[in-house]
Amino acid sequence: MAVNNLLDTSTVSFSDIIGNGKIYQVPSYQRDYSWKEDHWEDLWSDIVSITDNDSIHYMGSIVLQNQGDKKYTIIDGQQRLATLSIIALATIRLIQDLVNNGIEKEQNEERIKILSNKFLGDKDPASLTYSEKLTLNENNNSFYQSHLMIFRPPINERTLRDSDKLLWRSYNFETAR
């Protein structure tokens, strides 16, 4: 009888997780996005500490269930993955601002293309929409896809559900960094 390792652990970077051609889905039963500024600050401090001293830093665990064909369900860590994805989106948006201002236009357009393909998903040539690498739960995914992924602000933030407001505020928090 073959022995199966049910708990396969490894230390990986965000790039290793998202930038690898795999697709991740937050199941519908997982809670809505709930992180607030103190969580964003903690995560940002972790990121800064890594970049400042070029070291490895434990940023929490992520538990995934393999669904086959490079698809994974996120059992634990969805708040962290969503926020890291928002940081990637905010970074791309800031680079787009540089392009719009004519700063290293060609180089920054190439950076956007690389980062988008690596962290957001592949862009469909017909619809020009991304085949997303991260799908949030059923309550948050619509806002995530229709606003954050395409850099479109909500018409009226007050009408958003609380968790979508937090996603939007997280995005604004990250673009202000």
Side-chain angles (χ1 to χ4, degrees), residues 5 7-27 29-66 70-98 108 110-121 130 132-137 139-141 143-145 147-151 153 157 160-177:
N5 186 358
L7 192 58
D8 182 15
T9 63
S10 59
T11 301
V12 296
S13 69
F14 179 64
S15 180
D16 293 336
I17 294 172
I18 297 292
N20 62 6
K22 295 178 181 170
I23 298 171
Y24 300 91
Q25 168 125 24
V26 175
Y29 60 82
Q30 289 286 7
R31 67 185 168 130
D32 292 350
Y33 187 79
S34 63
W35 272 21
K36 295 183 178 167
E37 189 166 347
D38 57 330
H39 297 101
W40 307 328
E41 284 283 356
D42 288 345
L43 183 60
W44 190 256
S45 294
D46 287 345
I47 291 168
V48 168
S49 74
I50 294 168
T51 56
D52 283 350
N53 60 23
D54 197 31
S55 66
I56 295 173
H57 178 77
Y58 178 73
M59 294 177 62
S61 63
I62 296 174
V63 179
L64 305 170
Q65 181 180 22
N66 189 340
K70 292 190 170 190
K71 293 181 182 176
Y72 292 83
T73 299
I74 304 169
I75 305 301
D76 187 36
Q78 72 272 13
Q79 304 288 317
R80 186 175 302 104
L81 275 177
T83 306
L84 287 167
S85 178
I86 290 169
I87 290 171
L89 286 164
T91 301
I92 292 166
R93 170 67 196 284
L94 292 171
I95 296 171
Q96 183 62 55
D97 289 346
L98 295 174
N108 283 324
E110 184 66 18
R111 288 180 182 103
I112 290 169
K113 184 177 179 181
I114 292 167
L115 291 171
S116 296
N117 287 337
K118 186 167 190 170
F119 296 117
L120 305 183
Y130 286 98
E132 64 275 355
K133 292 188 178 211
L134 176 64
T135 303
L136 299 183
N137 73 5
N139 291 331
N140 294 135
N141 196 56
F143 179 78
Y144 177 77
Q145 300 300 329
H147 288 80
L148 297 182
M149 287 285 287
I150 61 171
F151 311 110
E157 185 180 336
L160 298 175
R161 69 180 65 211
D162 290 342
S163 57
D164 289 343
K165 286 178 188 174
L166 290 172
L167 286 166
W168 180 244
R169 290 176 185 157
S170 174
Y171 174 76
N172 287 321
F173 176 85
E174 301 309 337
T175 56
R177 294 315 227 158

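Source: prediction; values computed, not measured.
Taking the side chain as every heavy atom from C-beta outward, I23 and K70 never approach each other to under 4.5 Å. Annotation: side chain of E110 is in contact with side chain of I114 (closest heavy-atom distance under 4.5 Å). Using a 4.5 Å heavy-atom threshold, the side chains of E41 and F173 count as touching. Put simply, the side chain of I47 reaches to within 4.5 Å of the side chain of I87, judged on heavy atoms. You'll find the side chain of H147 stays beyond 4.5 Å of the side chain of P153, heavy atoms only. The side-chain heavy atoms of L136 and L167, taken from C-beta on, include a pair separated by under 4.5 Å. For the pair R161 and N139, the minimum side-chain heavy-atom distance is below 4.5 Å.
Atom CG of L84 is separated from atom CG of D46 by 9.5 Å, given to the nearest 0.5 angstrom. Summarising the geometry, atom CG belonging to N137 is positioned 10.5 Å from atom CZ belonging to R31; distances are rounded to the nearest 0.5 Å. Rounding to the nearest 0.5 Å places CE of M149 at 10.0 Å from NZ of K133. Distance CG/L89 to CZ/R93: 11.0 Å, rounded to 0.5 Å. Distance CH2/W168 to CD1/I86: 10.5 Å, rounded to 0.5 Å. Atom OG1 of T135 is separated from atom CD of Q25 by 5.0 Å, given to the nearest 0.5 angstrom.
No side-chain donor-acceptor contact under 3.5 Å links N108 to the backbone of Q96. No donor-acceptor pair closer than 3.5 Å links the side chain of S116 to the backbone N or O of K113.
Taking all atoms of both residues into account, the shortest heavy-atom contact from Q145 to L134 is NE2-O, 3.3 Å. Minimum heavy-atom separation, A90 to E174: CB-CB, 3.6 Å. Here the shortest heavy-atom pairing between L166 and K36 reads CD2-CG, 3.9 Å. Shown here for Q30 and I74, the closest heavy-atom pair between the two residues is NE2-O, 3.5 Å. Of all heavy-atom pairs between I62 and L64, the closest is CG2-CD2, 3.7 Å.
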Legend entry - Trace of the side-chain hydrogen bond (donor to acceptor under 3.5 Å, both in side chains) decision for Y24 with T73: CA-CA 6 Å; Y24 300 91; T73 299; over 6 Å; no

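Ring pair W35/Y33 is tilted by interplanar angle, where 30° to 60° counts as tilted.
Taking the charged nitrogens against the carboxylate oxygens, E157 and R169 do have a contact shorter than 4.0 Å, which makes a salt bridge.
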